Amino acid sequence: MKYEKIQAPKGVREYLPPESTAFEWVREQLIAPARLAGYQLMELPVFEDTNLFSRGVGESTDVVSKEMYTFEDRGGRSITLRPEGTAGVMRAVIEQNLDRGQLPVKVWYSGQYFRAERPQAGRYRQFYQVGIEAIGLDDPAIDAEVIAIAYQGFKKIGLKNFTLQITSLGDAPSRAAHRADLMKFYKTLNLDEATAARAEVNPLRLFDDKRPEMIAAMANAPLLLDYLSLDASDNFKKVQSYLSAMNIEYTINPRMVRGLDYYTGTTFEFVHSDLGAQSGIGGGGRYDGLMEILGGQPLSGIGFGLGVDRALLAAIAEGVLPSDSFTSDLFIIPLGESAMTSALTIASELRNAAITTEIAFGDRALKGAMKAADKSGARYVVVLGEAELQAGSVELKRMEDGAVTSVKIEQLSRELGSLLSAQRN
RNA sequence: GUGGGCGUAGCUCAGCUGGUAGAGCACUCGGUUGUGGUCCGAGAUGUCGCGGGUUCGAGCCCCGUCGUUCACCCCA
């Protein structure tokens, strides 16, 4: 009887060796600037009460209306796999009263998110994001810092072919005035049914249409930036001047549209040029009403989410991944039973000294073991047999050029330590 | 959700107008005693994604299905 193979669910992206090394590296680069800015880790559940997203992210969004993984748990509760990160953070902040302490609350997070979309290049049903949130203060300087942290993450990877686009969605009065005019405007256009329906829910979406005729039709549409109140406009100018002071290049894109309903004020997006249709590698913005909608105090916040999968694709496209992939420092080849015992002991000691050590397992012939050592990329190799155990010393072979030095077994850690540190400098 | 491309050994692929499968790389072993990379030799591996149909006969044709990929849509 042969069992059928089981496949991974549609559209999930897995990272296996050796690619996983690159994935991990990219994720670390994206997080590093947040850590350096004093943001602290928040580990949250991947599933939440469905209401969190329908209320927080917005019923009218595509994310909520047709892309959520929603199911009933055994207690009859409606549960949803998180499609984004901000709502969960806000829920936890409110629930655990983090907003009762000093503000802003500054947190970062990293994990997988789920959207039931048709998979495509750079678009998966389970994808990885890192993000930060700064909650509780409405200060344009925070907006600028948050943007800068995202920017630095991409720079740290070594990416060049991306642009930062910013805009302001203003405050509530700004948006209301603009929306009214935009509604009037689009009614003068001859829209097909689906497009008109979308416009009815959120007319801003019309700016995101890629069809050339729509882009042309929208050329004279009223822009939200022209409707900003004095406060909002002043705020946006400050954000810009802070960004300039930090030498962060940006372009103002008054037609930028974000897919989540909670955004207000400063909004931004990072777009990479080498990725095909799914070119957004990160984005975020301020959200004035979110916390209150979720039952908390009326505090404002700002944050971003960066796509780790897409950042990795961008890094590959630009060829900026570091080439020195994982290689171990030492490969021990034990010959025989007692040698294996010693090998395990020695390896433990070396690892305690932070020397990456592998062992040739499986009782294979010496030649085969040497090949395995070679393929592992190990810098040094040691053969451990009866003779070596008797003598208490081994021949340390440098794989690069085959040079051999005799080293006492108890000196191995010290000797390797100095050889390796010399090599790294 | 809509549309196009693709699905043959672990990987990249070939397979002519239908006659029951091949290459390169990788892998394992060997080229006499305990030392890798090159070279030489030998070897293992496929329900040709899955299910139906047409046919004397299908990897090649048809239908369905699953997966994948690209685009729309949407977004990270």
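Computed from a predicted structure; not experimentally measured. In what follows, chains carry the letters A, B, and so on, assigned in the order in which the sequence lines appear, proteins first and then strands, with residues in each chain numbered from 1.
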*asked:* Side chains of A:Y186 and A:E200: any donor to acceptor distance under 3.5 Å?
replied: yes

*Under 3.5 Å, is there a donor-acceptor pair linking the side chains of A:Y109 and A:E133?*
yes

_Base, sugar-phosphate or nothing for A:G276? Non-hydrogen atoms, less than 4.0 Å._
sugar-phosphate

_Let me spell it out: for each of A:R115 and A:P9, pick the nucleotide of RNA chain B with the closest heavy atom. Which residue's pick is nearer the 5' end?_
A:P9

*Mind checking A:E388 for me? I need base, sugar-phosphate or nothing, with any heavy atom below 4.0 Å counting as a touch.*
base

*asked:* At 4.0 Å (heavy atoms only), tell me whether A:K10 reaches a base, stays on the sugar-phosphate, or touches nothing.
replied: sugar-phosphate

_Does this structure show an ion pair linking A:D181 with A:K184, if we count only N-O contacts that are shorter than 4.0 Å?_
yes

*Does a side chain donor of either A:T167 or A:E269 reach within less than 3.5 Å of an acceptor in the other side chain?*
no

*Would you say a side-chain N or O of A:Q120 is under 4.0 Å from OP1 or OP2 of B:rA71?*
yes

*asked:* Going by centres under 5.5 angstrom and planes under 30 degrees, do the aromatic ring of A:Y128 and the base ring of B:rA76 stack?
replied: no

*Sugar-phosphate, base or nothing in reach of A:Q129, heavy atoms under 4.0 Å*: sugar-phosphate

*Heavy-atom distance under 4.5 Å between the side chains of A:D73 and A:F47, does that happen here?*
no

_Test item: side-chain donor near acceptor, A:S328 and A:E358, under 3.5 Å_ = yes

*State whether the distance check finds a donor on one side and an acceptor on the other, under 3.5 Å, for side chain A:R310 versus base B:rC75.*
yes

*How would you label the contact of A:R205 with the nucleic acid (heavy atoms, under 4.0 Å): base, sugar-phosphate, or nothing?*
sugar-phosphate

*Nearest-Å distance, CG (A:D62) to P (B:rU2)?*
15 Å

*Assigned partner base of B:rU12, Watson-Crick or wobble definition, under 3.5 Å*: B:rA23

*For A:Y113, answer base if it contacts any base atom (sugar-phosphate contacts may also be present), sugar-phosphate if it contacts only those atoms, and nothing otherwise; contact means non-hydrogen atoms under 4.0 Å.*
nothing

*Which nucleotide, in any strand shown, forms a Watson-Crick or G-U wobble pair with B:rC48, with both distances under 3.5 Å?*
none

*Please determine, for B:rU55, whether a Watson-Crick or G-U wobble partner exists with both distances under 3.5 Å, and give it or none.*
none

*Using Watson-Crick or G-U wobble geometry with both distances below 3.5 Å, tell me the partner of B:rG30, or none.*
B:rC40

_Quick check: any donor-acceptor pair below 3.5 Å linking the side-chain of A:E117 to the base of B:rA76?_
yes

_Between B:rC50 and A:Q7, counting only base atoms on the nucleotide and side-chain atoms on the residue, is there a donor-acceptor pair under 3.5 Å?_
no

*When we call it a touch if two heavy atoms are under 4.0 Å apart, what does A:I281 touch: a base, just sugar-phosphate, or nothing?*
sugar-phosphate

*Would you say the base of B:rG37 and the side-chain of A:K375 have a donor-acceptor pair closer than 3.5 Å?*
no

*Look at all strands and tell whether A:E395 reaches a base, only sugar-phosphate, or nothing, counting heavy atoms closer than 4.0 Å.*
nothing

*For A:H272, the option from A:Q278, A:K160, A:R310, A:E318 that meets side-chain hydrogen bond (donor to acceptor under 3.5 Å, both in side chains)*: A:E318

_Watson-Crick or G-U wobble partner of B:rC75, both distances under 3.5 Å_ = none

*With no angle test and no hydrogens, is the base of B:rG37 tied to the side chain of A:D374 by a donor-acceptor pair under 3.5 Å?*
no

_Applying a 4.0 Å non-hydrogen cut-off, can you work out what A:A373 is touching in the nucleic acid: base, sugar-phosphate, or nothing?_
nothing

*Calculate the interatomic distance between A:Y380 atom OH and B:rG37 atom P; express it in whole Å.*
20 Å

*May I ask you to say what A:A372 touches in the nucleic acid, namely base, sugar-phosphate or nothing, with a heavy-atom cut-off under 4.0 Å?*
nothing

_Nucleotide B:rC75, atom C1' - distance to CD of A:Q165 in whole Å_ = 14 Å

*Under 3.5 Å donor-acceptor pair, A:E400 side-chain atoms to B:rG37 base atoms*: no

*Pair assignment for B:rG3, Watson-Crick or G-U wobble, requiring both distances under 3.5 Å*: B:rC70

*If you look at every strand shown and take non-hydrogen atoms under 4.0 Å, does A:G11 touch a base, only sugar-phosphate, or nothing?*
sugar-phosphate

_I want to confirm an ordering. Mapping A:L275 and A:G307 to their closest nucleotides on RNA chain B, which one lands closer to the 5' end?_
A:L275

*Assess whether one donor atom and one acceptor atom, taken from the side chain of A:R118 and the base of B:rC70, lie less than 3.5 Å apart.*
no

